[in-house]
2 protein chains.
Amino acid sequence: MKFDRELLKGTTETFILAVVAEEPSHGYQLVKKLKLKSEGIFQLGEGTLYPLLYKLEAKDWIKGKWDESAGMRKRRVYRITPKGRRQLAARSEQWRELVRGMTLLLGDSAHA
Amino acid sequence: MKFDRELLKGTTETFILAVVAEEPSHGYQLVKKLKLKSEGIFQLGEGTLYPLLYKLEAKDWIKGKWDESAGMRKRRVYRITPKGRRQLAARSEQWRELVRGMTLLLGDSAHA
DNA sequence: GCGTATACCTCGTATAACAAAGTATACACC
DNA sequence: GGTGTATACTTTGTTATACGAGGTATACGC
């Protein structure tokens, strides 16, 4: 979906954490996976995803490791850290609150 | 609730439109109303709300009119325009898609 | 040797929500 | 008639985020 530019802000970190938590992944793979698993709703470009991964790693929420298996393009595989799990829980909580607030305010408009 | 700074982005215009659509209101009133109706989840400051109202009016999604009834501090009452209603519908649709995408991706994490 | 899919990296831009500070009016109360 | 509080609006500066557009380089099929 083509979102109104700002709508995604603050949610991306959360769903990336969630997907990485479910299964360690590398960047390029995440681009595909996010699109697939969200049924095309989220389509992050690489220019969005990679810098985000660096940031998450810098905060120690995920940890990347180079995978240089023979006969493969080398790739950096990220897995979630304990700290990342705690963040994910906190973010999910905030997300649920946001949804609750919006539901309260949108009311009928939400089903227009 | 204290949100993670960026999480609200893109949602504020939507719920303001929704509340104004339900009933014409002036700025100061909206600050209170948003907090009340969202059960304290959304607490926009005036420094956030007023500029937003100006922007929405500039886009012709809401229309303000000075109310100078006697014995009252004069206030600017906003009501939604037809264009605003269409926007509200579009925004609500996007919001629902976002929720759907997040639900797909968060999965178990959403109930942690 | 050529095309395509894979995989990663970097820079510039727009703009949004917020805090903080300011102005000014109505009204209750002593 | 002076003080405090709630009402009501305005403006400025800061921070950060998602994105597009561009770039590099490797594996593999044919």
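Letters A, B, ... are given to chains in the order of the sequence lines, protein chains preceding strands, and every chain is numbered from 1. What you are looking at is a predicted structure, and each value in this text was computed from that prediction instead of being measured.
As a whole-Å value, the separation of B:R75 CZ from D:dT10 P is 14 Å. Per the geometry, OH belonging to A:Y78 stands 14 Å off P belonging to C:dA7, to the nearest Å. B:K9 has its NZ atom 15 Å from the P atom of C:dA14, to the nearest Å. Atom pair A:R76:CZ and C:dA7:C1' shows a separation of 13 Å (rounding to whole Å applied). If you measure from atom CD of A:E46 to atom C1' of D:dG20, you get 12 Å, rounded to the nearest angstrom. Atom OH of A:Y50 is separated from atom C1' of D:dG20 by 16 Å (rounded to the nearest Å). In this structure, B:L49 places its CG atom 14 Å from P of D:dT11, rounding to the nearest Å. If you take CG of A:D67 and C1' of C:dT6, they are 13 Å apart, rounded to a whole angstrom.
Between the side chain of B:T48 and the backbone N or O of B:L44, no donor-acceptor pair lies under 3.5 Å. Without hydrogens or angle criteria, B:S38 side chain to B:I41 main chain gives a donor-acceptor distance under 3.5 Å. Formation of a donor-acceptor pair under 3.5 Å by the B:R75 side chain with backbone atoms of B:D67 is not found in this model. A distance-only check finds no donor-acceptor pair linking the side chain of B:R100 to the backbone of B:R96 [under 3.5 Å].
For B:P24, the side-chain contact (heavy atoms from CB on, under 4.5 Å) partners are B:V77, B:R79, not counting sequence neighbours. Residues forming a side-chain contact (heavy atoms from CB on, under 4.5 Å) with A:R73 (at least two apart in sequence, or on another chain): none. Residues passing the side-chain hydrogen bond (donor to acceptor under 3.5 Å, both in side chains) test with B:E46: none are found, sequence neighbours excluded. Take A:K65 and apply the salt bridge (Lys or Arg N to Asp or Glu O under 4.0 Å) test, not counting sequence neighbours, and it matches no residue. The side-chain hydrogen bond (donor to acceptor under 3.5 Å, both in side chains) check on A:Q29 picks up A:H26, with sequence neighbours excluded. Taking the side-chain contact (heavy atoms from CB on, under 4.5 Å) definition, one finds that B:E13 meets it with B:L52, B:K55, B:L56, B:K59, B:W61, B:R91, sequence neighbours left out. The ring pair (Phe, Tyr, Trp, His ring centres under 6.0 Å) check on A:Y78 picks up nothing, with sequence neighbours excluded.
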All N/O contacts under 3.5 Å from nucleotides 26-30 of chain D to the protein, with atom names and distances to one decimal?
{"from": "D:dA27", "atom 1": "OP1", "to": "A:M72", "atom 2": "O", "distance (Å)": "3.4"}
{"from": "D:dA27", "atom 1": "O3'", "to": "A:G71", "atom 2": "O", "distance (Å)": "3.4"}
{"from": "D:dC28", "atom 1": "OP1", "to": "A:G71", "atom 2": "O", "distance (Å)": "3.3"}

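The side chain of A:T48 places no N or O atom within less than 4.0 Å of a non-bridging phosphate oxygen (OP1 or OP2) of D:dA18.
If you check residues 22-37 of chain A against DNA chain C, the residues with a heavy atom closer than 4.0 Å are A:H26, A:G27, A:Y28, A:K32, listed by number. A heavy atom lying under 4.0 Å from DNA chain D marks the following residues of residues 52-66 of chain B, by number: B:Y54, B:W66.
B:E68 comes within 4.0 angstrom of no nucleic acid atom, judged by non-hydrogen atoms across all strands.
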- Message: For a side chain to side chain contact (heavy atoms under 4.5 Å, CB included) check, start with the C-alpha distance between B:W95 and A:V99, then their side-chain angles and the critical distance, and finish with the verdict.
- Response: CA-CA 9 Å; B:W95 168 251; A:V99 171; 4.2 Å; yes

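The overall bend of the helix from C:dG1-D:dC30 to C:dC30-D:dG1, read as the angle between its terminal helix axes built from five base pairs each, is 20° when rounded to 10 degrees.
For the salt bridge (Lys or Arg N to Asp or Glu O under 4.0 Å) condition, the pairs that include at least one residue of residues 26-36 of chain B, sequence neighbours left out, are B:E23-B:K33.
Positionally, the nearest nucleotide of DNA chain C for A:P51 lies more toward the 5' end than for the other of B:P51 and A:P51.
Here the side chains of B:L34 and B:Q43 are not in contact, with every heavy-atom distance at 4.5 Å or above.
With C:dC18, C:dC9, D:dT17 as the candidates, the nucleotide lying closest to the side chain of A:E13 is D:dT17.
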